Participant: 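Shown below is the structure under consideration.
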Amino acid sequence: MTPLETAWERVCREAARLRPIHLRELFADDPSRFERFSYTFEDVTLDLSKEKLDTAALDALLALARTAEVESRREAMFLGTPVNETENRAALHMALRGGAAPPPGDDVERVRADFLAFAESVREGRFTDVINIGIGGSDLGPAMAVRALSPDADGPRVHFVSNVDGAHLADTLRGLDPASTMVIVASKTFTTLESMTNARSARAWLGDQAAANMAAVSTNLAACSEFGIPRERVFGFWDWVGGRYSLWSAIGLSLAIAVGTGRFEALLAGAAAMDRHFRETPLKENLPVLLALTGIWRRNAMGWPTVALIPYDQRLERFPAYVQQLEMESNGKRVTRGGAPTLNATGPVVWGEPGTNAQHSFFQLLHQGSDVIPVDFIAAACPRHADGDHHALLLANCLAQSAALAFGRTEEEARAGLTPTEAERLAPHRTFPGDRPSTTVLYRRLDAFALGRLIALYEHKVFTMGIIWGINSFDQFGVELGKVLAQRLAPVMRGESEADAGLDSSTAGLVTRIKELGR
């Protein structure tokens with residue numbers, strides 16, 4: 001047995017020991033669990049006390065991290081070693097925000113200065129609206145951040161179009177004026193099917209305004225020029241910046257237009273602060289590492305395949321979708337960096353919606369469903385605005401939900417206050433099993449700096465989990481096959497060619513039915 005297999009076996013033994021012990025018992029045996037299992041960095045608190053962990057289990061997880069060489073792989077990433085082995089690339093998104101040094105010759109500061117200067121010119125000019133056309137990382141990051149920082153949005157209104165469904169662009173354009181609308185095409189290669197289809201339609205809508213009202217974030221200067229976007233309005237980035245890590249680059253142009261240079265730089269500074277914490281802090285006090293080890297514990301030791309991400313902040317409503325891409329595209333892998341099958345399951349399903357709305361939809365299943373679904377709660381101690389009693393009620397709900405999941409309601413408690421007849425009939429329905437784990441991430445206030453830290457916290461968590469699983473968190477070949485097949489089917493759906501004889505019977509049948517319905 002290898003040292004890594006031995007470390008995994010130790011973690012599994014601890015899980016077998018803890019599995020039958022209810023969280024109520026863990027708290028009863030250790031009233032100081034919060035002090036023992038909560039961790040801080042600046043004003044960020046990570047509370048793991050409601051996870052089914054104890055000191056022995058956490059020690060086993062930390063030993064697993066060391067055996068998997070988290071520390072040396074972490075340093076390799078920061079030094080620019082090609083940790084994306086399949087594509088022979090570094091993963092140096094930290095260099096975009098000052099958390100690491102960029103490769104020699106890559107003038108990060110100059111490119112940043114150029115796109116921020118352009119952002120200020122748009123803010124000060126004639127534009128009332130900006131449309132960012134992108135998909136995946138070119139959309140989810142800036143769209144999430146613009147919504148999160150909406151109290152700071154004092155520039156033109158910023159809209160996002162990602163879906164190739166024409167309804168997305170049509171609904172966005174309704175009511176806008178081509179003369180006062182800037183369109184940014186965010187596509188690294190300038191070949192992405194969805195983005196370029198939307199870009200061509202947007203260009204047609206702009207009409208005579210297109211030459212002056214379009215910009216691009218891309219590395220394909222020739223394609224941008226051919227499309228009609230001049231060099232001075234094209235802003236690039238480097239192959240060591242993955243799409244889902246690109247918010248910090250010129251992909252953040254739409255965000256900079258919305259909130260201005262100062263707040264964009266505060267976002268970078270917040271992420272850089274988390275970079276330093278992740279790189280320099282011992283594993284046992286390192287927030288991204290501890291969050292990652294909790295994820296490993298949930299996914300592998302306890303066998304829970306999904307996690308709900310619930311921000312108690314309406315302005316973080318797009319954060320679950322952002323983390324969903326970050327985690328599932330990064331760690332949705334079934335082979336190791338060397339190409340062998342992984343030892344363990346990887347990549348949990350990540351999903352969620354803001355609280356308190358979620359409490360009135362899927363929380364029923366979280367509390368009383370047949371499966372255990374861990375939850376990450378995210379909350380700010382202070383609101384961005386004077387809101388009377390609202391924020392107190394919001395936080396009361398957040399804390400109450402995590403407590404209810406952990407401790408539940410026993411049958412005896414469910415019978416309290418009921419007549420014997422009512423108790424016999426209703427107690428089974430009013431009983432909550434509890435013993436359902438959650439982590440809480442708490443910070444002072446959601447501003448640009450705090451948002452930068454929060455995003456980087458989850459970036460480094462995902463990377464750490466990938467190291468422990470032995471996978472490459474920076475490639476995404478899984479998105480390619482569907483794209484290839486779509487390119488093959490597009491001429492058929494347009495009526496430009498007949499269905500390929502090589503199509504499976506289901507796809508061929510659906511093509512025929514669609515054409516019949518479209519007549």
Side-chain angles (χ1 to χ4, degrees), residues 1-21 23 25-26 36-37 39 48 51-79 81-86 91 278-279 281-307 327-328 330-350 371-372 374 435 437 439 460-475 477-478:
M1 186 175 291
T2 67
L4 188 60
E5 289 171 329
T6 300
W8 274 110
E9 186 180 69
R10 178 183 170 191
V11 168
C12 291
R13 282 200 307 271
E14 295 299 337
R17 175 180 60 82
L18 280 168
R19 193 171 286 113
I21 304 175
L23 278 166
E25 295 178 60
L26 292 177
R36 196 181 306 278
F37 296 106
Y39 307 85
L48 304 180
E51 296 287 344
K52 277 190 87 160
L53 290 165
D54 62 10
T55 301
L58 191 55
D59 286 346
L61 287 165
L62 288 164
L64 173 64
R66 295 186 186 98
T67 306
E69 301 180 344
V70 163
E71 291 149 311
S72 60
R73 292 282 298 179
R74 174 184 62 186
E75 188 61 15
M77 180 177 70
F78 276 92
L79 290 175
T81 302
V83 293
N84 180 353
E85 292 95 339
T86 55
F278 175 57
R279 188 178 188 181
T281 306
L283 300 188
K284 65 181 181 179
E285 300 166 0
N286 191 305
L287 268 60
V289 171
L290 291 164
L291 196 58
L293 293 177
T294 302
I296 294 290
W297 178 256
R298 292 166 166 179
R299 182 71 176 100
N300 300 119
M302 290 296 179
W304 300 321
T306 182
V307 57
E327 187 147 353
M328 294 175 70
S330 296
N331 288 342
K333 312 289 170 62
R334 57 187 294 274
V335 297
T336 65
R337 295 188 295 270
T342 56
L343 287 173
N344 297 281
T346 64
V349 176
V350 180
D371 293 303
V372 173
D435 203 29
T439 288
H460 294 316
K461 171 221 174 182
V462 168
F463 171 61
T464 302
M465 293 177 76
I467 297 172
I468 295 171
W469 283 322
I471 61 178
N472 179 2
S473 298
F474 298 107
D475 63 12
F477 292 108

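Values reported hereafter were calculated over all heavy atoms of this structure, with side chains retained and with hydrogens, waters and symmetry mates removed. All values derive from a computational prediction rather than experimental measurement.
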Participant: Taking all non-hydrogen atoms of both residues, which atom of E25 and which atom of P20 are closest, and how far apart?
Facilitator: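 Looking at all heavy atoms of both residues, the shortest contact is OE2-O, 4.3 Å.
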
Participant: Would you say the side-chain atoms of N331 pair up with the backbone N or O of S473, donor to acceptor, closer than 3.5 Å?
Facilitator: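 No.
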
Participant: Between W297 and V11, what is the shortest heavy-atom contact and its length?
Facilitator: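 Smallest interatomic distance, heavy atoms only, reads CZ3-O, 3.7 Å.
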
Participant: If you take all heavy atoms of R17 and A57, which pair is closest and at what distance?
Facilitator: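 Heavy atoms only, the tightest pair is NH2-N, 4.1 Å.
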
Participant: How long is the span from the OG atom in S72 to the CD1 atom in I467, to the nearest 0.5 Å?
Facilitator: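 These two atoms lie 8.0 Å from each other.
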
Participant: With rounding to the nearest 0.5 Å, note down the distance linking CD1 in I468 to CG in N344.
Facilitator: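 The CG atom of N344 is 10.5 Å from CD1 of I468, to the nearest 0.5 Å.
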
Participant: Any heavy-atom pair between the side chains of T281 and V289 that's under 4.5 Å?
Facilitator: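 No; the side chains remain at least 4.5 Å from each other.
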
Participant: Between CD of E51 and CG of L58, what distance do you get to the nearest 0.5 Å?
Facilitator: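 Rounded to the nearest 0.5 Å, the CD-CG separation comes to 11.0 Å.
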
Participant: Once you round to the nearest 0.5 Å, how far does CG of L291 lie from CE of M465?
Facilitator: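 L291 atom CG to M465 atom CE measures 8.5 Å (nearest 0.5 Å).
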
Participant: Got a salt bridge between R36 and D54, using NZ or NE/NH1/NH2 to carboxylate O under 4.0 Å?
Facilitator: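 Between D54 and R36 there is no salt bridge, as every charged N stays at least 4.0 Å from the carboxylate O atoms.
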
Participant: For T294 versus T439, what's the shortest heavy-atom pair and its separation?
Facilitator: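 Shortest heavy-atom contact: CG2-OG1, 3.9 Å.
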
Participant: Please enumerate all residues that pass side chain to side chain donor-acceptor pair (under 3.5 Å) together with E85, with sequence neighbours excluded.
Facilitator: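 Only R73 meet the side chain to side chain donor-acceptor pair (under 3.5 Å) criterion with E85.
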
Participant: Only counting residues at least two apart or in another chain, list the ones meeting side chain to side chain donor-acceptor pair (under 3.5 Å) with N300.
Facilitator: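 For N300 the side chain to side chain donor-acceptor pair (under 3.5 Å) partners, ignoring immediate neighbours, are W469.
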
Participant: Tell me whether R19 at atom CZ has more than 12 heavy atoms from other residues, nucleotides or ligands lying less than 6.0 Å away.
Facilitator: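 Yes.
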
Participant: Starting at CZ of R279, measure out to CE of M77 and round the result to the nearest 0.5 Å.
Facilitator: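 Separation between the atoms: 9.0 Å.
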
Participant: Do F37 and T55 have side-chain heavy atoms sitting under 4.5 Å apart?
Facilitator: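 F37 vs T55: side chains touch.
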
Participant: Under a 4.0 Å N-O cut-off, is there an ion pair linking R10 with D59?
Facilitator: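 Answer for the salt bridge query: no.
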
Participant: Using the rule given for side chain to side chain contact (heavy atoms under 4.5 Å, CB included), can you reason through L18 versus L26, listing the C-alpha separation, both sets of side-chain angles and the distance that settles it, and then say yes or no?
Facilitator: CA-CA 9 Å; L18 280 168; L26 292 177; 4.0 Å; yes

Participant: Nearest heavy-atom pair of N472 and R337: which atoms, and what distance?
Facilitator: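 Where N472 meets R337 most closely, the heavy atoms are N-CG, 3.7 Å.
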
Participant: Please step through side chain to side chain contact (heavy atoms under 4.5 Å, CB included) for the pair T464 and F278, ending with a clear verdict.
Facilitator: CA-CA 10 Å; T464 302; F278 175 57; 3.4 Å; yes

Participant: May I ask you to decide if D475's main-chain N or O and K333's side chain share a donor-acceptor pair within less than 3.5 Å?
Facilitator: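 Judged by distance alone, yes, a pair lies under 3.5 Å.
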
Participant: So, R299 side chain and A345 main chain: donor-acceptor pair closer than 3.5 Å or not?
Facilitator: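 No, because the side chain of R299 does not come within donor-acceptor range (under 3.5 Å) of the backbone of A345.
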
Participant: Spell out, as yes or no, whether a donor-acceptor pair under 3.5 Å connects the side chain of E5 to the backbone of T2.
Facilitator: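 Between the backbone of T2 and the side chain of E5 there is a qualifying donor-acceptor contact (under 3.5 Å).
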
Participant: Roughly how far, to the nearest 0.5 Å, is the CD1 atom of I296 from the NZ atom of K461?
Facilitator: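 Between K461 NZ and I296 CD1, I get 9.0 Å after rounding to 0.5 Å.
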
Participant: Is the side chain of K52 donor-acceptor paired with the backbone N or O of I21 at a distance under 3.5 Å, no angle test?
Facilitator: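 It does hold such a pair.
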
Participant: Taking the side chain from T306 and the backbone from V349, do they hold a donor-acceptor pair closer than 3.5 Å?
Facilitator: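 Side chain of T306 to backbone of V349, a donor-acceptor pair under 3.5 Å: yes, one is there.
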
Participant: Write down the atom of N84, the atom of F474, and the distance for their closest heavy-atom approach.
Facilitator: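 Closest heavy-atom pair between N84 and F474: ND2-O, 3.3 Å.
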
Participant: Could you work out, with side-chain contact (heavy atoms from CB on, under 4.5 Å) as the rule, every residue matching T342, not counting sequence neighbours?
Facilitator: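 For T342, the residues satisfying side-chain contact (heavy atoms from CB on, under 4.5 Å) (neighbours in sequence not counted) are T336, T346, I471.
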
Participant: Do R74 and N286 have side-chain heavy atoms sitting under 4.5 Å apart?
Facilitator: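 Yes, close enough: below the 4.5 Å cut-off.
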
